[in-house]
Amino acid sequence: MSAAENTNPLSVGLSEPVLPQPCTLVIFGGAGDLSGRKLLPAIFNLGLDGVLPANFAVLGFSIEEMDDAEYRGFARRGVERFSRQQPDEENWPNYERQLFYQSGSFDDPAAYEALKQRLDEIEPQFGIPGNRIFYLAIPPRLIGVCAQQLKAAGLVQDETSGGPFSRIIVEKPIGRDLQSAQEVNEILGECFAEPQIYRIDHYLGKETVQNILVMRFGNAIFEPLWNAKHIDHVQITVAEDEGVGTRAGYYDRAGALRDMVQNHILQLLSLVAMEPPWTMDADVIRDHRLDVLHCLRPLNIENIESDVVRAQYAHGFFQGDDVPGYRREEDVASDSSTETYVALRVFIDNWRWAGVPFYIRTGKRLPKRVSEIAVQFKDVPHILFNSDNDHPLDPNVLALRLQPDEGMSLRIATKMPGSRVQIYPVKMDFRYGSTFGDQSPEAYERLLLDVMTGDATLFMRRDAVEASWRWIQPLLDAWDRGNKRWLPEYPSSTWGPVEAERLIENDGRRWRVL
Ligand code: BG6
């Protein structure tokens, strides 16, 4: 497939692009890991692509002592290492002149006064009318204090008055259970109005994830089949080959369910399963995603093994090297019962999806990094080409590859050339890379731009965050109660424990081979 086959590419836009508004981006944790790896490179790329507002500046804010020149050096190292486009002598000066840094402690009112003064100095230089985005790239326990300090320092403007805007971006995790998520949301809500709050789920910013809606509602052929009548089941896999790395401090208290399922995977599920929205309005789309969460059938806690398997990686090999089991990783308790793998069987109890299982699996130290959503259609009747029970035809599968090798494929049965009728499953394949060439923008680029334009479609509303936790909470409670119970292990670089195979095989199905 090639993009050139589209005879009228200009006709496919949804609407006039909304331009990002002039603003200052204040990055809390501006000298931290997320900032260096993702945010500063994302802004660099947006600048090179010519989509940043003309009046724009970045102010990094962290505890580390640094001046502007040192901060620009920090940014350069991050961009050189992690950006999809590289800095050079022409583009760099233009970028770095917008970067500033202010050091201070997140709980010190004086630091916020200094921040305010600094903003008042920077903004006139760039013709910025006081619009501010506060990006909290900080540990979750600091979200509340930062929001409160911003409010107390008078840095949160009331947007309804028509003045400059104040927006806040918060990273996951929002809480570690329903109650703590409600507490964080409560504090945020006391300081900012809900439309000013942008809760990032970076999966929603991925090109391939955004394409789910286009694929479903921009084509005539899928939607009529998108229901329990035609779909046998759906598999969602988000596999990582890396282990916990240096993040055990956070991860060991989280685990795969909180880290990946509560947010990213339930959002993927919502996009695949939602009803057609009647407009692209942010709140309409978010309402429809939320409806799916409301329809999730409670997991069978009494007989938990029928719906959920959790496990932890054990020693094994990764790219030829010996790697330790999870409990021997740096900063992990030697008796940790944190799951690094989870598989679930989920049902959505609504008209469209009645009885269709959604199988979910995610884990660290699996054989490869691959994420996909595979929709398996029902078998054709067991007559004609499918009459041999010993050799049933492979069912049609529509696989949306989220990463890497982004694209989608459709498996269909085809006659092999020759005088006999022999059937062979072939794949119709679309690859972003070969069709569109250039590397897709990173999720953070799209998401930052959306905050600058005030488009909250790809962000999590408070009710959705809490609905996800509400559904997961009984499972967390059950695990807590049975904490000392045996936790299956899987050798590193294998596809999880044998129990996960049973979870799906008990239903007469199999995990896809990826
Ligand atoms: C993060 C999780 O949200 O997503 C990490 O905290 C995980 O544990 C990461 O590795 C995966 O993101 P991506 O974009 O690399 O698939």
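These numbers come from the heavy atoms of this one structure, side chains and all, not from hydrogens, waters or symmetry mates. Positions are given from 1 along the sequence. For ligands, and for the atoms within them, numbers begin at 1 and follow the listed sequence.
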Quiz item: For Arg509 and Gln235, what are the C-alpha separation, side-chain angles and deciding distance, and is it a side chain to side chain donor-acceptor pair (under 3.5 Å)?
Solution: CA-CA 11 Å; Arg509 302 183 175 100; Gln235 292 188 21; over 6 Å; no

Practice problem: Give yes or no for whether the N/O distance cutoff of 3.5 Å, strictly under, is met between His264 and ligand 1. | Solution: yes

Exercise. Check the surroundings of atom CD in Glu194: do more than 12 heavy atoms from other residues, nucleotides or ligands lie under 6.0 Å from it?
Key: yes

Practice problem: Step through the shown structure and confirm whether more than 12 heavy atoms of other residues, nucleotides or ligands are within 6.0 Å of CD on Glu64. | Solution: yes

Quiz item: Any non-hydrogen atom of Tyr203 lying under 4.0 Å from ligand 1?
Solution: yes

Quiz item: Only one of Lys38, Arg84, Arg37, Lys206 forms a salt bridge (charged side-chain N to carboxylate O under 4.0 Å, His left out) with Glu442, so which one is it?
Solution: Lys38

Exercise. Distance to 0.1 Å, residue and atom name: give those for the protein heavy atom nearest to atom 15 (O) of ligand 1.
Key: Arg369 NH2, 3.2 Å

Self-check item: Atoms in ligand 1 with a heavy atom of Lys364 nearer than 4.0 Å
Solution: 5 (C), 7 (C), 8 (O), 10 (O)

Quiz item: Of the protein's non-hydrogen atoms, which lies at the shortest distance from atom 7 (C) of ligand 1, and what is that distance?
Solution: Glu240 OE1, 3.4 Å

Quiz prompt | Within-shell test, Glu242 vs ligand 1, heavy atom, strictly < 4.0 Å | solution = no

Quiz item: Is the Phe436 ring parallel, tilted or perpendicular to the Tyr432 ring (thresholds 30°, 60°)?
Solution: tilted

Quiz prompt | Between His315 and Tyr313, ring centroids under 6.0 Å | solution = no

Quiz item: Who's the nearest protein heavy-atom neighbour of atom 5 (C) of ligand 1, and how far?
Solution: Arg247 NH1, 3.3 Å

Quiz item: To the nearest 0.1 Å, how far is atom 12 (O) of ligand 1 from its closest protein heavy atom, and which atom is that?
Solution: His202 NE2, 3.2 Å

Practice problem: Among all protein heavy atoms, pick out the one at the shortest distance from atom 8 (O) of ligand 1; state its residue, atom name and that distance to 0.1 Å. | Solution: Asp259 OD2, 2.6 Å

Quiz item: Do Tyr198 and Tyr135 make the cut of ring centroids closer than 6.0 angstrom?
Solution: no

Quiz item: Between Arg199 and Asn185, does any side-chain donor sit less than 3.5 Å from a side-chain acceptor?
Solution: yes

Quiz item: Just which atoms of ligand 1 are under 4.0 Å from any heavy atom in Gln403?
Solution: 13 (P), 16 (O)

Quiz item: For atom 14 (O) of ligand 1, which protein heavy atom lies nearest, and how many Å away is it?
Solution: Lys206 NZ, 2.6 Å

